[in-house]
Amino acid sequence: MCGIVGYVGQEQAAPILLDGLSRLEYRGYDSAGVAVYDSTLGTLSVHKAKGRLNVLSQQLHGGADLHGTIGIGHTRWATHGAPSDVNSHPQVSRSGKIAVVHNGIIENYAELKSFLISQGIPFTSETDTEVIAQLIEYFYDGDLLSAVGRVLHRIQGAYALGILCDDCPDKLIAVRKDSPLILGYGEGCSFLASDVTAILRHTRKVSYMEDGELAVLTQDSIQCYNHLMQPVDKEIVQVDWEMDAAEKGGYEHFMFKEIMEQPQALRRCISPRIREGEVVFEDFHLDPQYIRDLQKIYIVACGSSYHVGMVGKYQLEKLTRKPVEVALASEFRYMDPIVNEHTLVVVISQSGETLDTMAALREARRLGGKILSIVNVVGSSIARESDQVLYTWAGPEIAVATTKAYSTQLAVICLLALYFARVLGTVEDGEYRSCLEDLLRLPDQVEQVLSQKDHIQYFASQYFNHDSVFFIGRNIDYAMGLEGSLKLKEISYIHSEAYASGELKHGTISLIEPGTLVVALGTCKRLFQKAMSNVVEVKSRGADVLALTTESCRKEMEGTASAVMTIPDARELVLPCLSVVPLQLFAYYVALMRGCDIDKPRNLAKSVTVE
Ligand code: F6R
């Protein structure tokens with residue numbers, strides 16, 4: 001969603017802000033803006049433009065037109081008010097004295113706006129953010145911090161704020177509630193940002209703001225306060241992501257780069273966790289008796305992470321014989337879930353910031369459950385609010401459509417299922433060891449699948465003109481069909497649905513007509529003959545069938561399907577980590593051939609911090 005960056009130091013702020021914003025573009029946005037304090041004029045200089053960041057950047061000649069060493073910048077993803085220059089951030093107060101950038105939503109903005117209008121304060125935008133800027137000025141009597149404090153007592157909702165006032169041209173104020181914000185400590189400069197990638201070029205020393213905290217940044221120091229305005233000492237952590245991990249490195253798209261990075265990501269995620277024939281989770285403490293006493297495991301997540309949860313259900317139930325329920329995080333808190341102290345709630349989130357997932361986590365905690373999260377972004381809100389965290393260590397994922405974070409989430413779920421099964425004694429020694437060997441082999445097998453990318457590109461060239469695609473499969477192949485379908489629709493804009501194959505004859509098969517494209521998944525050995533029957537069923541009604549199966553079943557499938565993609569033969573536990581790769585590549589190449597904006601699909605954002 002929206003991105004925030006702020007800088008105070010000795011260098012020109014505008015180029016630093018524009019560069020920081022360019023690193024946040026992947027989050028999705030529709031307009032951008034910056035405010036810089038111009039010391040020669042003694043005022044704030046605010047520039048905003050609808051559209052891509054380069055529109056703003058060109059207007060400002062890369063920032064060269066703006067003079068000043070303190071400023072805030074923003075990429076906006078419209079919620080209140082259409083994308084436009086006026087509705088872009090920074091939003092300023094009536095006199096132009098105070099500028100605010102904001103991520104999140106102010107729920108009671110209408111009421112506050114009416115109040116301010118009744119006080120004779122005119123509004124220029126339709127945004128909820130303008131209310132914050134106007135309200136700060138309304139309370140401002142020379143003490144900015146106290147005015148901000150008074151505003152925070154009145155606004156409700158989720159917000160990360162960057163605030164700049166022309167009376168205090170050496171200070172930035174940062175505020176966080178339910179929307180991420182980090183502080184960066186540079187040499188003679190300080191930063192605020194919604195995402196570490198925005199400031200990684202300048203500093204690796206960061207601290208994570210907690211909900212309710214406020215910070216005052218100057219070029220030499222950052223002082224944080226809690227909601228009672230008591231000073232708080234922040235832990236400064238070193239970010240170990242490499243800068244080039246957040247850059248394209250010669251690839252045309254981040255998505256393709258991230259697909260190709262999966263072998264390394266999986267190695268990073270798996271190998272340190274298998275030692276001397278055992279799954280080892282460092283910094284992870286669940287009492288074995290607690291695991292034995294578990295009555296239920298809930299998996300809660302959104303989108304692709306939810307699809308990982310579906311695979312996780314099959315794997316955890318099979319290996320541990322504990323009941324597992326999977327819920328969409330956006331539904332969880334409205335479904336009166338049955339959670340108690342014997343329920344482990346596994347929360348899966350790449351970003352660690354998805355608002356619905358966070359709300360589900362809090363509801364699960366309220367009901368007495370223990371929270372174990374599987375997260376990619378270190379220090380993210382979900383990671384920090386969980387009892388236990390397993391990081392996926394996939395490295396920064398920039399493309400909106402998740403790929404390497406998804407496959408490492410799957411790998412962590414496999415490790416977790418084996419770990420629990422070992423504690424519970426529900427897996428035989430031999431089986432356990434072979435599973436671990438297969439997991440260690442997995443990155444090489446993914447490399448093997450990636451080496452077939454040209455075949456998949458060829459299939460994409462055959463099918464990219466279809467208007468509608470069905471994905472079918474059973475059990476894990478159904479869960480993978482859902483992910484393949486989501487990948488395709490989100491980046492290529494082709495209508496696509498995934499069905500459990502057995503459901504076809506209960507309705508969907510009426511949609512199959514000559515030329516309909518069906519992607520049929522049949523990687524699961526024990527269900528292969530069933531998959532074949534479904535291929536025959538749709539083929540005989542004229543469908544074009546692109547099948548995905550394992551090497552040993554290729555021949556049989558080739559006799560029936562129109563085209564066949566393959567993955568190496570593997571144990572069911574690791575099959576999904578392999579089968580997702582051709583599906584990702586297929587979606588990528590189809591989108592490429594349709595000329596879509598692959599890394600930033602329309603209407604989508606990388607981190608969904610609104611409900
Ligand atoms: C699809 C995709 C989304 C996310 C979903 C949850 O490619 O990326 O469906 O999986 O928005 O996001 P996280 O995992 O960050 O909670």
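Numbering of residues begins at 1 and proceeds along the displayed sequence. Just so you know, ligand 1 is whichever comes first in the structure, and atom 1 is the first atom listed for that ligand.
Annotation: Tyr499 is not in aromatic contact with Tyr478 [ring centroid separation under 6.0 Å not met].
Under the 3.5 Å distance criterion, with hydrogens and angles disregarded, a donor-acceptor pair is assigned to the side chains of Asn376 and Thr392. For Ser381 and Arg176, the side-chain atoms include at least one donor-acceptor pair closer than 3.5 Å.
Contact analysis puts Val400 in contact with ligand 1, with a non-hydrogen atom separation below 4.0 angstrom.
Within ligand 1, counting atoms from 1 as listed, the ones closer than 4.0 Å to a heavy atom of Lys487 are 1 (C), 7 (O). Which parts of ligand 1 touch Ser349 is read off a 4.0 Å heavy-atom cut-off, strictly below it: atoms 13 (P), 14 (O), 15 (O), 16 (O).
For Lys177, the NZ atom sits in a packed shell: over 12 heavy atoms of surrounding residues, nucleotides or ligands are nearer than 6.0 Å.
Between Phe470 and His495, the angle of the ring planes goes over 60°, which puts this pair in the perpendicular group of the 30/60° scheme. Ring planes of Tyr419 and Phe284: perpendicular class, angle over 60° (limits at 30 and 60°).
Relative to atom 2 (C) of ligand 1, the option among Ser304, Cys302, Gly303 with the closest non-hydrogen atom is Ser304. Comparing Thr354, Thr357, Leu355 against atom 12 (O) of ligand 1, the shortest heavy-atom distance belongs to Thr354.
In this structure, Arg602 is positioned above the aromatic face of Tyr493, its NZ or CZ under 6.0 Å from the six-membered ring centre and within 45° of the axis.
When only non-hydrogen protein atoms are considered, atom 11 (O) of ligand 1 lies nearest to Val608 CG2, 4.2 Å. Nearest protein neighbour of atom 15 (O) of ligand 1, counting heavy atoms only, is Ser351 OG, 2.6 Å.
Under 4.0 angstrom from ligand 1, the non-hydrogen atoms of Glu490 all belong to its side chain. The backbone and the side chain of Thr402 each have at least one atom closer than 4.0 Å to an atom of ligand 1 (non-hydrogen atoms only).
Ligand 1 has a nitrogen or oxygen under 3.5 angstrom from a nitrogen or oxygen of Gln350.
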